[in-house]
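All values below were derived from every heavy atom in this structure, side-chain atoms included, with hydrogens, water molecules and symmetry-related copies excluded.
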Amino acid sequence: MTTDLFLVRHGPTHAKCMVGWSDLPADLSDTAALSRLDAYLPQDALVVSSDLSRAIDTADAIQGRRPRLPHNPDLREINFGDWELRTWAEVDAEDPDRISAYWERPGDVAPPRGESWNQVCARVNAAIDRLEQAHAGRCLIVVGHFGQILTQVQRSDQLSAEEAFGHRIDNLSVSEISKGPDGWSIGKINHCP
């Protein structure tokens with residue numbers, strides 16, 4: 001029995017800073033892109049999103065007649081802690097070693113009062129595992145965030161964190177992973193229908 005997950009990144013916020021747990025709205029004015037995304041995704045899939053409005057509203061826009069699962073806070077973006085809503089340049093001026101290590105050698109380094117990459121992976125992996133176990137054999141559309149999607153690309157393709165961070169994950173893109181008898185496998189990454 002195989003469970004297929006379609007990981008969709010929310011619509012753009014247009015923020016030019018690190019946006020993690022702040023609840024910024026998504027710009028969903030590109031109705032043509034949303035229609036293409038809706039048409040591409042399986043009609044019999046279950047839809048779930050993080051509990052941040054940019055993910056909820058994107059899920060609402062593509063849900064159609066698909067059943068909806070409750071919003072899941074464990075599918076949130078990276079918690080940037082004290083770096084939240086700040087630019088790289090602002091943080092780099094104060095803490096250059098930590099921010100470089102966080103993005104260039106992701107692992108146990110964390111922003112002050114935020115999450116390390118390993119903590120994000122543990123949180124999101126557990127949430128995805130619970131969804132997969134509860135809905136084994138189904139298609140799931142998981143509407144979330146850049147970092148949340150990269151955790152699953154890393155796990156499914158057995159990449160290092162550095163390799164995973166080399167992938168683009170555009171707004172309103174789909175990345176596809178599956179869980180079958182032989183474990184996780186990856187299909188398309190950052191597909192924009």
Are any non-hydrogen side-chain atoms of Arg155 and Ile128 less than 4.5 angstrom apart?
yes
Crowding at CD, Glu162 (>12 non-hydrogen neighbours, <6.0 Å)
yes
For the residue pair Ser116 and Asn118, confirm or rule out a side-chain donor-acceptor distance under 3.5 Å.
no
What's the shortest heavy-atom distance between Arg54 and Leu24, and which atoms?
CB-O, 3.3 Å
Could you please spell out the steps behind the side chain to side chain contact (heavy atoms under 4.5 Å, CB included) verdict for His167 and Asn190?
CA-CA 8 Å; His167 286 284; Asn190 196 42; over 6 Å; no
Could you check whether any side-chain heavy atom of Leu75 comes within less than 4.5 Å of a side-chain heavy atom of Leu131, counting everything from C-beta outward?
yes
Mind listing the closest non-hydrogen atom pair of Glu77 and Glu115 along with its distance?
O-OE1, 4.1 Å
Do you see a donor-acceptor pair shorter than 3.5 Å between the side chains of Trp117 and Gln154?
yes
Contact between Val19 and Leu85 at the side-chain level, heavy atoms closer than 4.5 Å - yes or no?
yes
Residues Asp60, Arg68; criterion salt bridge (charged side-chain N to carboxylate O under 4.0 Å, His left out); working and verdict
CA-CA 9 Å; Asp60 289 346; Arg68 186 73 168 265; 2.7 Å; yes
Around atom CZ of Arg113, are there more than 12 heavy atoms from other residues, nucleotides or ligands closer than 6.0 Å?
no
Should the pair Phe80 and Trp103 be assigned to parallel (<30°), tilted (30 to 60°) or perpendicular (>60°) ring geometry?
tilted
Side chain proximity check, Arg86 to Cys17, heavy atoms < 4.5 angstrom
no
Do the rings of Tyr40 and His191 sit parallel, tilted or perpendicular, given the 30° and 60° boundaries?
tilted
Same apolar cluster: Val142 and Leu28, side chain cutoff 4.5 Å:
no
Common cluster, Leu69/Leu5, ILVMFWY with side-chain heavy-atom separation under 4.5 Å
yes
Can you tell me if Gln152 and Asn125 form a side-chain donor-acceptor pair at under 3.5 Å?
yes
Any salt bridge between Arg76 and Asp51, counting N to O under 4.0 Å?
yes
